[in-house]
Each structure stands twice: as structure tokens, then as C-alpha cells.
Amino acid sequence: MVKVAVVDDDIKFCEAIACKIENTFNKFSTTCHIDCFYDEQILNCCHKYDVIFLDIELGKISGIDIIRQIREVTKGLRFPLICFITGMDNSVFAALGEMPFSYIRKYNIDDLLEKNIEKLIYEINLRSKGKEKIVISRNNNKTLIYLDDVYCIESAKNYVIYYTTIGEFKERALISQKEIELKDKGFMRINSGCIINRKHIFSFTKNEVVLNNNLTLSISSGYKDRYNLINEGMVNMYD
């Protein structure tokens, strides 16, 4: 079942669009549970939802402010797919800068809702198969990368470097912050400056790990318990 939240300070519109969303999910033979919110109370439970349909103009707080706070609230947890809904065109660029899953204008919602929900279902199915994405912020740009495509993340002073199947990406962040965000997502810290994706382990010993991209990384003395965790969790690996 897909868990959906609809956030709009117009109560009638919120309930009406929730009904349309439910009918459209049913059209694709997908059951969903929908909750309606009329203000920032969504922040108290946003981590529970797969999808959040979010109005940009909410009175006291904007949808853009809410999505930024959701990122803080959900660190280390799965970030919900955000679909912005708005009746104003002048907020397009600010909204798209937050990397929502989609952007729907209210006056066009009947034409776009079905196509958006079809894409949502496809993305949710990918997530259920481990195809979750991570947002990498670089200067004023944001890049979406599948977690499965990340070999490892290394610390570089005030930055981290993502080594991926499509190249290297540098982001201003702390390795400890990334360790929290990627908790329970198949990543493991093996020394003070490196987090690895266990799906990309080619071989390992008690002292080092070799990844599928031929990168050899050391397991430091403070992380020796990682060997046992890898040994217990991996199959077809050798010491």
C-alpha cells in the first residue's frame, strides 16, 4: 500500500484532490492510504509517507520551506517523493530548485495527475527494489544519483567525494552526516574517512575491502567489527 499525504491550506481543495488521487491510484490497480494536512503539521510525521502532494502557498509557511525542513527531519530515513501543487507560475524556478519529483499547476491538474501518478508508482516500485536516489548538492546545482550506483563516499576536509558508476561528485558535507543519512541503506563506514556500499564489495579481508571498481580501502583498527558484519551479511565472498 502506498502512503500518501496531501498538504494544502484550502480544506475543500485538499479533500477534493485527495479523492482524485485515490481514484487515480485505483485506476492503476494500486491501493493507497491518504491523509490530509492543512499546515506544517505534516512535519511531525512526514517520514511515514511514500508521497507528499504539497501546496507551495500555505499561508504562514511555504511549501518550499516545508520541503527543506522535511530533508532535515528525515535525515537517516527515507525521503518521501514530493509533488508540488500550485496555482501560481512565479514560484516555478524556486520550487524546481528543491528537486521535487514533479510540479503540477492547479489549473492543469486534471490533465497531469494521471501521468504523474503513473510515474510515481514506477518510482515507488524502483525504491522497493533498492533503486532509491540520493540528491548531491554541488554549488547551486543538484544531481540525482541512484544509491546502487554509488561505490563509496570519502571525506575530503569539509567535503565528501562520491565515487559512482558514472563518475565522481564532490559535495560540501561531513562524512559523519552522510553516515547518518545512509544508515540502514546498505552503506557501512570502514574508517574515519570512508563509507562503502556493501553491494559493491568484490572481496575483503580483516584489513581491507576491494570494491567492484577495483578501489582498495583499508578497514582501520577502530572499525574491525565491520569485518564480522560484512562476513555475516555477504554471500559468495572470501577472506
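Quick note: residue numbers are just sequence positions, from 1.
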Using the rule given for side chain to side chain contact (heavy atoms under 4.5 Å, CB included), can you reason through N197 versus L211, listing the C-alpha separation, both sets of side-chain angles and the distance that settles it, and then say yes or no? CA-CA 9 Å; N197 187 343; L211 301 180; over 6 Å; no
Check whether the side chains of D149 and T164 place a donor and an acceptor atom closer than 3.5 Å, and report yes or no. no
Does the side chain of S62 pick up a donor-acceptor pair with the side chain of E57 at under 3.5 Å? no
Using a distance-only test with no angle check, is there a side-chain donor-acceptor pair under 3.5 angstrom linking Y159 and E154? no
Going by atom types only, do D10 and Y38 share a side-chain donor-acceptor pair under 3.5 Å? no
Is a side-chain donor or acceptor of N26 paired with a backbone partner of E22 at a separation under 3.5 angstrom? yes
Derivation and outcome, side chain to side chain contact (heavy atoms under 4.5 Å, CB included), residues I21 and C19: CA-CA 5 Å; I21 290 169; C19 184; over 6 Å; no
Consider side chain to side chain contact (heavy atoms under 4.5 Å, CB included). Of V6, L120, L54, I52, which one does C83 pass it with? L120
Do R198 side-chain atoms and I201 backbone N/O form a donor-acceptor pair below 3.5 Å? no
Are K106 and D55 close enough for a salt bridge, meaning some N to O gap below 4.0 Å? yes
For S176 and L174, indicate whether the former's side chain and the latter's backbone hold a donor-acceptor pair under 3.5 Å. no
Between Y103 and T86, does a side chain to side chain contact (heavy atoms under 4.5 Å, CB included) hold up when you go through it step by step? CA-CA 8 Å; Y103 181 97; T86 182; 3.0 Å; yes
Hydrogens and angles aside, do K178 and Y162 bring a side-chain donor and acceptor to less than 3.5 Å of each other? yes
Stepwise, does the side chain to side chain contact (heavy atoms under 4.5 Å, CB included) test hold for F53 with V4? CA-CA 8 Å; F53 288 87; V4 179; 3.7 Å; yes
Are any non-hydrogen side-chain atoms of I153 and I161 less than 4.5 angstrom apart? no
Do D9 and K60 sit within salt-bridge range, that is, some charged N less than 4.0 Å from a carboxylate O? no
